[in-house]
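The model shown is predicted, which means the values in this text are computed figures rather than measured ones.
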Amino acid sequence: MNNLLRTVTLLLALTLSGCGYNTLQSTDEQIRAGWSEVLNQYQRRADLIPNLVNVVKGFAAQEKDVLLGVTNARAKVGSIQATPELINDPEAFAKFQSAQGELSSALSRLLVIAENYPQLKSDANFRELQAQLEGTENRIAVARNRYIKAVQDYNVVVRSFPTNLTAMIFGYKVKPSFAVENEKEISTAPKVDFSRP
């Protein structure tokens, strides 16, 4: 009886590995790991923002709208449950991306404020936070690139024959990747004009 069970288990293992089941598992795990790193970097940025806002507040009290925009965008990002299941829900994924995009935009406006406040630019705390923020943005970009590659590898397996049959049997579906909302806008090169003071 034990021999029969071992034989069936061995045949089942050979069949599943031959039909791409293990590849589906490993690529799916790469996506989960990649997504966790993306969330980790977004969390790092969210944790830095209150410090950045507080430093700027002292110098730019009249820029309340920008500071309030950053605070609201940070709160909106914090209100979204960023779980591993998010990557299986295209609607929730798009909502998460939109909130992160709003936060990036608000941070860009905040950093522009520094141009209007020479004292702020020379403040060591602000410079340190700005460097941390820039480093965080770079880490987010790297983490997103790795996630995009992991999704690409997984989606190729899910859509290729004969692994697509295995994916269909076990309920594996194509996963969403990162996209930009303003694709048309960013496809045009920015106009640089030094004629204005």
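- Between V174 and Y154 there is no side-chain heavy-atom pair separated by less than 4.5 Å.
- Between the side chain of T166 and the main chain of Y21, no donor-acceptor pair closer than 3.5 Å is present.
- Taking CG of N155 as the reference point, atom CD1 of I31 lies at 6.0 Å (rounded to 0.5 Å).
- Q100 and R45 are linked by a side-chain donor-acceptor pair at a separation below 3.5 angstrom, with hydrogens and angles left out of the test.
- The minimum heavy-atom distance between N164 and F161, with the atom names listed, is OD1-CA, 3.4 Å.
- Defined by atom type and a distance below 3.5 Å, a donor-acceptor pair is missing between the side-chain atoms of E29 and Q25.
- When atom types are taken as modelled, the side chain of S36 and the backbone of R32 share a donor-acceptor pair closer than 3.5 angstrom.
- The side-chain heavy atoms of L39 and F96, taken from C-beta on, include a pair separated by under 4.5 Å.
- Between L103 atom CG and T71 atom OG1 the span is 10.0 Å, to the nearest 0.5 Å.
- Hydrophobic clustering of Ile, Leu, Val, Met, Phe, Trp and Tyr side chains at less than 4.5 Å, counting indirect connections, unites V157 with F170.
- Atoms CG and CD, from N51 and Q132 in turn, are 10.0 Å apart once rounded to the nearest 0.5 Å.
- Not counting sequence neighbours, Y172 has no partner by the ring-ring contact (aromatic ring centres under 6.0 Å, His included) test.
- A donor-acceptor pair is defined here as one N or O able to donate and one able to accept, closer than 3.5 Å; such a pair exists between the side chain of R74 and the backbone of A46.
- Between atom CG of residue L133 and atom CD1 of residue I49 there is a gap of 6.5 Å, rounded to the nearest 0.5 Å.
- To the nearest 0.5 Å, the span separating CD1 on I140 from CD on E37 amounts to 10.0 Å.
- Looking at V151 and I87, their side chains never come closer than 4.5 Å, going by heavy atoms from C-beta outward.
- Side-chain contact check for R146 and Q30: no donor-acceptor pair (N or O, by modelled atom type) lies under 3.5 Å.
- A pairwise comparison of heavy atoms in I80 and A99 identifies CD1-CB, 3.6 Å as the closest pair.
- The OG atom of S177 sits 9.5 Å away from the CZ atom of R144 when rounded to the nearest 0.5 Å.
- By the 30° and 60° cut-offs, the orientation of the rings of W35 relative to F93 is tilted.
- Closest non-hydrogen pair, A73 versus A106, comes out as CB-CB, 4.2 Å.
- The pair E102-K76 counts as a salt bridge, with a side-chain nitrogen and a carboxylate oxygen less than 4.0 angstrom apart.
- At least one side-chain heavy atom of K175 sits under 4.5 Å from a side-chain heavy atom of D28.
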| Stepwise, does the side chain to side chain donor-acceptor pair (under 3.5 Å) test hold for D47 with Q43? | CA-CA 6 Å; D47 292 342; Q43 185 61 50; 2.8 Å; yes

| task | Starting from the C-alpha separation in whole Å, work towards a yes-or-no answer on side chain to side chain contact (heavy atoms under 4.5 Å, CB included) for R44 and L48. | result | CA-CA 6 Å; R44 187 174 188 273; L48 278 172; 4.3 Å; yes

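- The two residues L110 and V70 make their nearest non-hydrogen contact at CB-CG2, 3.9 Å.
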